[in-house]
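Keep in mind that this is a model prediction, so the values were computed, not measured. Just so we're on the same page: letters track the sequence lines, and every chain starts at 1.
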Protein chains: 2
Amino acid sequence: MKHNKLDDLNCSIANALDLIGEWWTILILREAFFGTCRFEDFQHHLGIARNILAARLRKLCDNGVLKRVPIKEGAKRHEYKLTSMGRDLYPTLIALTQWGDRWLHEEGAPVRFIERATGDDIADVAIRTKQGRELDARDLALIPGPGATDETRERLHLLQLAWEKHNGGSR
Amino acid sequence: MKHNKLDDLNCSIANALDLIGEWWTILILREAFFGTCRFEDFQHHLGIARNILAARLRKLCDNGVLKRVPIKEGAKRHEYKLTSMGRDLYPTLIALTQWGDRWLHEEGAPVRFIERATGDDIADVAIRTKQGRELDARDLALIPGPGATDETRERLHLLQLAWEKHNGGSR
DNA sequence: TTCATTAGTTGCAATATGCAACTAAATGTG
DNA sequence: CACATTTAGTTGCATATTGCAACTAATGAA
């Protein structure tokens, strides 16, 4: 599909999805987090069509999420490794995994994440204040950030008014 | 595309993407978190084709991420509201937003999330141990969970061996 | 040198999406 | 209560994306 509308939307989710939102891309990244780095291995583990895989890997490299590096010094073959930009998606991927674990795998998670050094389980990813207080979705408000366009400001302002109308009086 | 291979994969990400991984779905959910709940409003804000929107909303409702509720007592018109399953995607969405903010909006985030009651900024979503210690992607290991199939166990075992071969000696 | 493996590319068939016009019911208005 | 308008979709067709399988070219191992 054509998402030519997305890249100029003033929204980080839309912009992020422009890079990693296509079918397969997230699964390719999951594989990368699992340690897969060769074309054939991605193809084999995911069962993805080879042309699609090639296209997705190219796009991820072009955008700096993955990098192509020689397998060893001087080799012509290369492998795909996560960049720091790519590794920085780990919280997102784990949050999504935990959601799937909670709601789609009541018999228990297929995979557990632990700290390698200690064996400690990781906690559920949560939204917190900078002081560490955990927040519920409904405790949040959205306000324009430094990169907000006038349109975004307008939108968020209307949002705030709508919220006040609904909840402002009854509190 | 047909992802008939995904739903039987023993992987929460694949299973989650089966529900919410299609183009537009995440943006529809973002809108829902912004407070949008009517068909026409989703359509107008996103510029999505009406038939696709109808299909996505139906799927999200069928799977319990959204629910259709009457606009008011006894009304025949309805609106789409996040269920608790849907609200539980907030950490994932915010993690993705923050990733986009960091890597695609160096001029600053379009939107800031704050705690409504206090105005406090929220922290970057991070992976932590249950004790609250923050972890890097590379500190993690994956082990089979209670819902792991034999295939998953085998896969994770090979992963562990590969890791030891690479890093085990040099530590 | 020879052969298997790896990493793709190409062409075509099957699917999914975008667009715009159409439908039908619910609601607001006089 | 009748009528116009808004809302929430559906339908059909053109376009774009994906899947599949066969093909190619280069590497690397024996």
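The CG-C1' distance, from A:Leu46 to C:dA7, rounds to 16 Å in whole Å. Note: CD1 (A:Ile28) to P (C:dA7) measures 14 Å, nearest angstrom. When rounded to the nearest whole Å, the span between CD1 of A:Ile48 and C1' of D:dG19 equals 10 Å. For the pair B:Leu27 CG and C:dT17 C1', the computed distance is 15 Å after rounding to whole Å. Atom-to-atom, CZ of B:Arg77 to C1' of D:dG9 comes out at 11 Å; the value is rounded to the nearest Å.
Regarding contacts with the backbone of D:dG9, a side-chain N or O of B:Tyr80 is found under 4.0 angstrom from either OP1 or OP2. Put simply, B:His78 has a side-chain N or O that comes within less than 4.0 Å of OP1 or OP2 on D:dG9. Residue A:Trp24 places at least one side-chain N or O closer than 4.0 Å to OP1 or OP2 of D:dG19. Taking only side-chain nitrogens and oxygens, A:Trp23 never comes nearer than 4.0 Å to OP1 or OP2 of D:dG19.
Residues meeting the side-chain hydrogen bond (donor to acceptor under 3.5 Å, both in side chains) test with A:Arg102, sequence neighbours left out: A:Asp124, B:Asp88. For A:Glu115, the side-chain hydrogen bond (donor to acceptor under 3.5 Å, both in side chains) partners are A:Thr118, B:Arg133, not counting sequence neighbours.
For a distance-only test at 3.5 Å, the side chain of B:Arg50 fails to qualify as a donor-acceptor partner of the base of C:dA20.
Along DNA chain D, the nucleotide closest to A:Lys76 and the one closest to A:Ala49 are compared, and the more 5′ of them pairs with A:Ala49. Looking at which nucleotide of DNA chain D each of A:Ala75 and A:Glu22 is closest to, the 5′-most match is held by A:Glu22.
Within residues 36-45 of chain B, the residues having any heavy atom closer than 4.0 Å to DNA chain D are, in order of number, B:Arg38, B:Phe39, B:Glu40. Contact check of residues 51-64 of chain B against DNA chain C (heavy atom, cut-off under 4.0 Å) returns B:Asn51, B:Ile52, B:Arg56.
Residues A:Thr36 and A:Asp41 have side chains that never bring a donor and an acceptor to within less than 3.5 angstrom of each other.
Looking at heavy atoms from C-beta onward, A:Asp121 lies in side-chain contact with A:Ile114 at the 4.5 angstrom threshold. By the 4.5 Å heavy-atom criterion applied to side chains, A:Trp103 and B:Ser84 are counted as neighbours. Residues A:Val125 and A:Gln98 are in side-chain contact: their nearest non-hydrogen atoms beyond the backbone lie under 4.5 Å apart.
Between B:Arg116 and A:Glu164 there is no salt bridge, since none of the side-chain N atoms of the basic residue sits less than 4.0 Å from a carboxylate O of the acidic one.
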Donor-acceptor pairs under 3.5 angstrom involving side-chain atoms of residues 45-59 of chain A: please list them, not counting sequence neighbours.
residue: A:Arg50; atom: NH2; partner: A:Glu40; partner atom: OE2; Å: 2.7
residue: A:Arg56; atom: NE; partner: A:Trp23; partner atom: O; Å: 3.3
residue: A:Lys59; atom: NZ; partner: A:Asp18; partner atom: O; Å: 2.9
residue: A:Lys59; atom: NZ; partner: A:Glu22; partner atom: OE1; Å: 2.8

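Grouped with A:Ile71 in a hydrophobic cluster is no other residue, since no side-chain heavy-atom contact under 4.5 Å to another Ile, Leu, Val, Met, Phe, Trp or Tyr is found.
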